[in-house]
Amino acid sequence: GLETTAVIRIKERRTGQHLPIIAMTAHAMAGDRERCLEAGMDDYVSKPIRAQQLFETLESVLKDRQI
């Protein structure tokens, strides 16, 4: 996930586009969220997934995008 995010973000510099990336992990350890955000991810949710949290995260990340 972290390496893939880095590759995507590098490609985005050439295209000017932005692909939203939300980390979804079962490894909810201290510092994981910060590490994901520093790697260029837009947000982070941990498992077990709570529907309301996931929907709020999606809404937050996608709020300014035109689909």
Side-chain angles (χ1 to χ4, degrees):
L2 298 176
E3 291 177 22
T4 301
T5 298
V7 170
I8 291 169
R9 295 303 182 228
I10 289 168
K11 288 183 178 187
E12 287 178 341
R13 291 183 200 138
R14 289 180 276 188
T15 66
Q17 297 180 338
H18 180 77
L19 178 69
I21 300 174
I22 299 172
M24 186 178 293
T25 181
H27 302 288
M29 310 264 303
D32 282 350
R33 183 175 197 282
E34 292 76 18
R35 196 169 11 267
C36 289
L37 296 177
E38 288 173 6
M41 296 181 187
D42 296 285
D43 213 328
Y44 172 96
V45 292
S46 61
K47 295 177 185 176
I49 301 302
R50 292 175 300 282
Q52 186 62 35
Q53 179 192 17
L54 178 59
F55 293 139
E56 289 171 0
T57 301
L58 288 167
E59 183 177 344
S60 173
V61 169
L62 299 175
K63 69 181 174 210
D64 295 327
R65 296 183 55 89
Q66 294 182 4
I67 299 173

**OP:** Rounded to the nearest 0.5 Å, what's the gap from CG on L54 to CE on M24? Could you check?
**Re:** 5.0 Å

Original post:
Would a hydrophobic clustering, with Ile, Leu, Val, Met, Phe, Trp and Tyr connected at side-chain separations under 4.5 Å, put V61 with M41?
Top reply: no

Original post:
With a 4.0 Å cut-off, would you call R9 and E12 a salt bridge?
Top reply: yes

**OP:** For residues S60 and K63, report the shortest heavy-atom separation together with the two atoms involved.
**Re:** O-CG, 3.4 Å

Original post:
Is a donor on one side and an acceptor on the other found under 3.5 Å between the side chain of D42 and the backbone of I22?
Top reply: no

Original post:
Looking at OG1 of T5 and CD1 of I10, how far apart are the two atoms once the value is rounded to the nearest 0.5 Å?
Top reply: 11.0 Å

Original post:
In Å, rounded to the nearest 0.5 Å, how long is the span from CG of L62 to OG1 of T57?
Top reply: 10.5 Å

Subject >> Distance (rounded to the nearest 0.5 Å) between L2 CG and E38 CD >> reply: 10.0 Å

Original post:
Looking at CD of E56 and CD of E59, how far apart are the two atoms once the value is rounded to the nearest 0.5 Å?
Top reply: 7.5 Å

Subject >> Any side-chain heavy-atom pair of V7 and K11 under 4.5 Å >> reply: yes

Original post:
Could you give the distance from CD1 (I8) to CD (E3), rounded to the nearest 0.5 Å?
Top reply: 12.0 Å

Original post:
Shared ILVMFWY cluster between L58 and V45, side chains joined below 4.5 angstrom?
Top reply: yes

